[in-house]
Each structure stands twice: as structure tokens, then as C-alpha cells.
Amino acid sequence: MSPARRVVWPPKLILQTPMGYLRDSSGNYLPRDIGRSSVFDDGFIIFQFGDTFCHTMNGHFIGLTSNNASFCDATKDPTVSSYFTIKDSDGSRNSEQRVPAFLEFFPGEGDTKTHFLKFWCFSGIVDAHIDQNGNHCGVCYYEAREMQKGAIDDGVYLYTGIALVTWNRKSFFLEAKRERFPQGPQLFLADEPRFGAFCAVMGIGKEYIYLYGHTPDNSKSVALARIPPRRALLKTEHEYWNGSGWCSKMKDSKPVFTTMQHGQIFQTDMFGRDSPWKYAFIGCTSLADSKAQFGRSKQPQGPWEVHEVKGLRTYAMQPYDPSPFKYCFYPHPWAFQTERDGDMMITWSEGGMNGGVIAELLRFETAA
């Protein structure tokens with residue numbers, strides 16, 4: 001075992017190393033965004049992407065997929081992943097097909113003459129339990145949006161939904177099924193906080209899943225709920241953080257972050273194996289300043305200490321960058337051993353129809 005070290009606080013960035021784009025193993029041209037990663041308890045790693053502009057091997061555009069998932073073998077390269085559901089009849093990889101959606105439409109959903117439906121998965125996948133067949137059973141929260149055809153904007157937010165995710169390493173099977181309730185696929189309505197849609201994380205001890213979501217007032221404040229893993233579909237059993245404790249009334253919930261656009265919370269030992277600071281956050285604000293934020297807390301509800309990562313240079317790699325700012329800042333703590341040497345891979349999105357997800361290796365100062 002390597003000597004115990006800790007990331008010093010406030011964080012001090014001492015080195016950044018470009019790692020290039022998050023790439024598909026086919027080598028095809030796939031502009032896309034989000035690039036959020038999740039790890040099942042057996043170590044299996046999934047990347048989730050947003051709008052993906054699919055191209056064939058010869059560079060011909062074949063369609064847009066608004067949400068998808070690929071797997072990564074971190075022992076080879078943490079920036080390369082594969083859409084393993086694209087197969088020929090003989091089982092080999094087919095890179096000429098459009099990337100399949102991770103979350104599918106119910107019958108009657110999808111396109112109309114003037115509008116279309118889109119799902120954005122910022123939450124990641126939380127591995128909740130293992131069933132009697134050895135399947136890893138998880139949950140994924142998503143934003144549903146109605147987009148007007150021909151318009152270039154974020155559309156109209158409709159609701160936050162939940163999908164049940166099944167993963168089996170032995171059969172190499174991954175599936176997500178959106179849940180449908182008597183009132184429809186809505187778990188949280190448009191006038192309620194988007195619990196889970198910002199990010200979701202399993203708590204220490206696996207007693208609760210913690211669901212972070214923007215409040216409905218467009219302030220980009222982030223509220224918090226929690227639910228036992230096996231009760232995730234039961235809205236009435238959620239508890240909400242009210243600023244001083246947990247309560248049963250959603251209307252009493254209070255923000256744990258303010259002006260935060262994207263990010264991920266995760267468990268960590270980077271602050272010391274015996275440190276009480278066991279939760280970390282990497283993300284970006286809603287100020288469109290292209291700056292990464294680094295936070296830590298002793299508990300999921302905070303209080304959170306958040307600092308800008310001073311000295312970090314963010315950039316675009318495409319020759320023409322139509323986006324005025326970078327977004328979707330996410331950590332990938334599985335890629336390196338931050339608790340050993342301070343190294344952490346993060347990513348951000350360029351945006352636009354030609355933009356990709358850029359990976360960067362950050363080294364933070366550590367101490368014994």
C-alpha cells in the first residue's frame with residue numbers, strides 16, 4: 001500500500017495535461033456533449049452523452065441521437081469507449097449504424113410535425129442492488145424536453161423521469177427502461193425541483209440515494225432529496241433537505257448549492273483515509289465563465305466548501321468554436337488515484353454541432 005496522502009485544501013492546481021477528446025473506439029467522427037461517467041459496483045464504467053451527431057466511417061452524417069451510453073475499459077485508455085450495442089449479424093462491431101438511444105420513447109411519444117421530444121441524462125447511473133439473477137440494478141434520472149423543429153435552443157422543460165438500468169457482466173447486457181406511473185412518466189413535475197436530474201449519488205453505507213436537482217425558479221440553485229435504493233420509484237417516500245434536517249414536505253426543501261449549472265458529487269478518500277471529508281464535487285457555475293469548481297463536504301447535504309480551480313486553462317479543440325463558453329464539467333475519479341498522487345481526470349464540453357468532450361488530467365497538490 002502506498003503512503004497515505006491527502007489533497008491539500010483549498011485545492012492548488014500544480015499541473016494540467018491535455019488528454020484529447022473522449023473518443024469512440026470506431027474512430028468515427030461523433031460530435032457530442034455531456035460525457036458523464038458512472039461506475040457499477042463491479043467496476044464496469046459507462047459514459048453517457050447528450051446530442052450526438054452520428055457519422056459513418058467515411059464521414060457521412062446519418063442522424064442525431066440525443067442520449068446514449070457507451071462502455072469504457074479503463075485499463076486501456078480512460079478516454080476511449082464503445083457503443084457495444086451496434087452489432088452486425090455475426091456479432092462484430094458495425095460502425096456504419098446510427099448510435100442507438102439509451103432511453104427509448106414510449107409508443108405515441110417522439111416527433112410531431114412541429115416538435116420533438118428529447119431526454120438529457122445528467123444524473124449518471126446509481127448502482128442500487130444486485131438481484132437474484134446476478135444483475136446489477138440501478139437508476140438513472142433524466143430531463144424530458146420538448147423542442148421546436150428548426151429552433152436552436154434548449155426547448156421547454158417538461159419533467160424529470162427515472163429509468164431502471166440493468167447490467168450483467170457475464171452476458172454483457174446493459175438496458176435502461178423508463179418507468180411509467182399512473183400519471184405518466186413524470187416523477188417530478190415541471191413546477192417541482194428536478195431532483196436527480198443534476199446528479200445522483202449513493203451515500204456511504206448505501207442507506208440512501210441522494211438526488212440533487214435545480215429548483216423551478218431558474219436561479220440554478222440546487223435542492224436535495226434522498227430515498228432508500230429499493231424505494232426509488234415511490235415519490236411519497238422521498239425526504240427533502242430543509243436547511244437544518246430532513247422533512248417529508250417537498251415545498252420546505254432548501255438549496256445546498258446556488259448558481260450551479262452542471263457537476264457531479266462522489267465519494268472519495270482524497271482528503272485522507274481518516275478524514276471526515278468524504279464527499280467531493282466537480283462542476284461549473286451558471287455564470288457561463290468556463291471555470292471549474294471544486295467542492296468538498298462531510299455529508300451529502302453539506303455544508304459545502306466550494307472553490308474555483310485557480311489556474312485551470314479551459315479551451316476548445318475544434319478549429320471553429322461557436323460556443324462562447326464551456327459547460328458540462330465532470331470528474332472521472334475512477335481513471336486515476338487522486339488519493340495517492342493528486343491526479344484527477346475531468347472533462348468539459350465544447351458545444352455546437354462540431355464540438356466534442358475534452359478530457360484533461362489535473363494534478364492537485366498533496367501532503368502527507
Between the side chains of Lys278 and Asp269, is the shortest nitrogen-to-carboxylate-oxygen separation below 4.0 Å, so that they form an ion pair? yes
Parallel under 30°, tilted from 30 to 60°, perpendicular over 60°: which one fits the rings of Tyr210 and Trp246? tilted
With a 4.5 Å cut-off on side-chain heavy atoms, are Asn168 and Asn133 touching? no
Under 6.0 Å between ring centres: does that hold for Tyr29 and Phe61? no
Could you tell me whether the side chain of Asp33 and the main chain of Gly351 form a donor-acceptor pair under 3.5 Å? no
Tell me if the aromatic rings of Tyr157 and His214 count as close, with their centers under 6.0 Å from one another. no
Please report the shortest heavy-atom distance between Phe181 and Glu179, naming the atom on each side. CZ-CG, 3.7 Å
Taking atom NZ as the centre, does Lys76 end up with more than 12 heavy-atom neighbours from other residues, nucleotides or ligands that are less than 6.0 angstrom away? no
Should the ring pair Phe257 and Trp304 be called parallel, tilted or perpendicular, given that the plane angle runs from 0 to 90° and is split at 30 and 60? tilted
Heavy atoms of Tyr315 and Pro18 approach each other most closely as OH-CB, 3.4 Å
Classify the ring geometry of Phe44 against Trp167: parallel below 30°, tilted from 30° to 60°, perpendicular beyond 60°. parallel
Trp9 and His307 aromatic centres sub-6.0 Å: yes
For Asp24 and Ser26, what are the C-alpha separation, side-chain angles and deciding distance, and is it a side chain to side chain donor-acceptor pair (under 3.5 Å)? CA-CA 5 Å; Asp24 183 62; Ser26 69; 2.5 Å; yes
Considering only heavy atoms from C-beta outward, does the side chain of Thr79 approach that of Leu22 to under 4.5 Å? yes
CG/Asp274: more than 12 non-hydrogen atoms of other groups inside 6.0 Å: no
Write down the atom of Leu158, the atom of Ala190, and the distance for their closest heavy-atom approach. O-CB, 3.3 Å
Side chain proximity check, Thr268 to Pro333, heavy atoms < 4.5 angstrom: no
Validation row, ring centre Phe172 to ring centre Phe71 under 6.0 Å: yes
Begin with the C-alpha distance, continue with both residues' side-chain angles, and end with the deciding distance and a verdict on side chain to side chain contact (heavy atoms under 4.5 Å, CB included) for Lys235 and Phe188. CA-CA 8 Å; Lys235 185 174 181 177; Phe188 298 108; 3.9 Å; yes
Begin with the C-alpha distance, continue with both residues' side-chain angles, and end with the deciding distance and a verdict on side chain to side chain contact (heavy atoms under 4.5 Å, CB included) for Glu308 and Thr285. CA-CA 10 Å; Glu308 177 191 327; Thr285 71; over 6 Å; no
Around atom NZ of Lys254, are there more than 12 heavy atoms of other residues, nucleotides or ligands at under 6.0 Å? yes
Which word best sums up how the rings of Tyr327 and His262 line up, parallel for under 30°, tilted for 30 to 60°, or perpendicular for over 60°? tilted
Is a donor from one side chain sitting under 3.5 angstrom from an acceptor on the other, for Trp334 and Ser37? yes
Do any N or O atoms from the side chain of Ser123 and from the backbone of Cys140 form a donor-acceptor pair under 3.5 angstrom? no
Using atom types as modelled and distance alone, determine if a side-chain donor or acceptor of Arg36 lies under 3.5 Å from a backbone N or O of Cys121. no
For residues Gly355 and Glu350, report the shortest heavy-atom separation together with the two atoms involved. CA-OE1, 3.3 Å
Linked, directly or transitively: Met345 and Ile45 (ILVMFWY side chains, under 4.5 Å): yes
Within the distance-only criterion (no hydrogens, no angle test), does the side chain of Asn135 pair as donor or acceptor with the backbone N or O of Cys137 below 3.5 angstrom? no
Testing the 3.5 Å rule here: is there a donor-acceptor pair between the side chains of Thr215 and Asp217? yes
Does the side chain of Pro255 come within less than 4.5 Å of Val222's, by heavy atoms? no
Could you check whether Glu143 pairs with Arg194 (Lys NZ or Arg NE/NH1/NH2 to Asp/Glu carboxylate O, under 4.0 Å)? yes
Kindly give the heavy-atom pair with the smallest separation between Pro31 and Met353, and that separation in Å. CB-O, 3.3 Å
Heavy atoms, side chains only, cut-off 4.5 Å: are Phe102 and Phe49 in contact? no
Audit row: Asn67, Tyr142, side chain to side chain contact (heavy atoms under 4.5 Å, CB included) steps and yes/no: CA-CA 10 Å; Asn67 79 91; Tyr142 64 93; over 6 Å; no
Does the side chain of Thr114 come within less than 4.5 Å of Gln148's, by heavy atoms? no
Please answer whether the main-chain N or O of Asp111 pairs with a side-chain N or O of His115 as donor and acceptor at a distance below 3.5 Å. no
Please report the closest heavy-atom contact between Cys72 and Phe47, naming both atoms and the distance. CB-CE1, 3.8 Å
Does Arg169 use its side chain to pair, donor to acceptor, with the backbone of Asp42 at less than 3.5 Å? yes
Centroid separation under 6.0 Å, is that true for the rings of Phe195 and Trp241? no
Please assess Tyr330 against Phe122 for the test ring-ring contact (aromatic ring centres under 6.0 Å, His included), listing each intermediate value before the final yes or no. CA-CA 10 Å; Tyr330 288 109; Phe122 298 110; 7.1 Å; no
Heavy-atom distance under 4.5 Å between the side chains of Tyr83 and Thr52, does that happen here? yes
Using a 3.5 Å distance criterion without hydrogens, assess whether the side chain of Thr65 forms a donor-acceptor pair with backbone atoms of Val99. yes
Whether over 12 other heavy atoms sit under 6.0 Å from Lys220 NZ: yes
Do the side chains of Val7 and Met344 get nearer than 4.5 Å, heavy atoms only? no
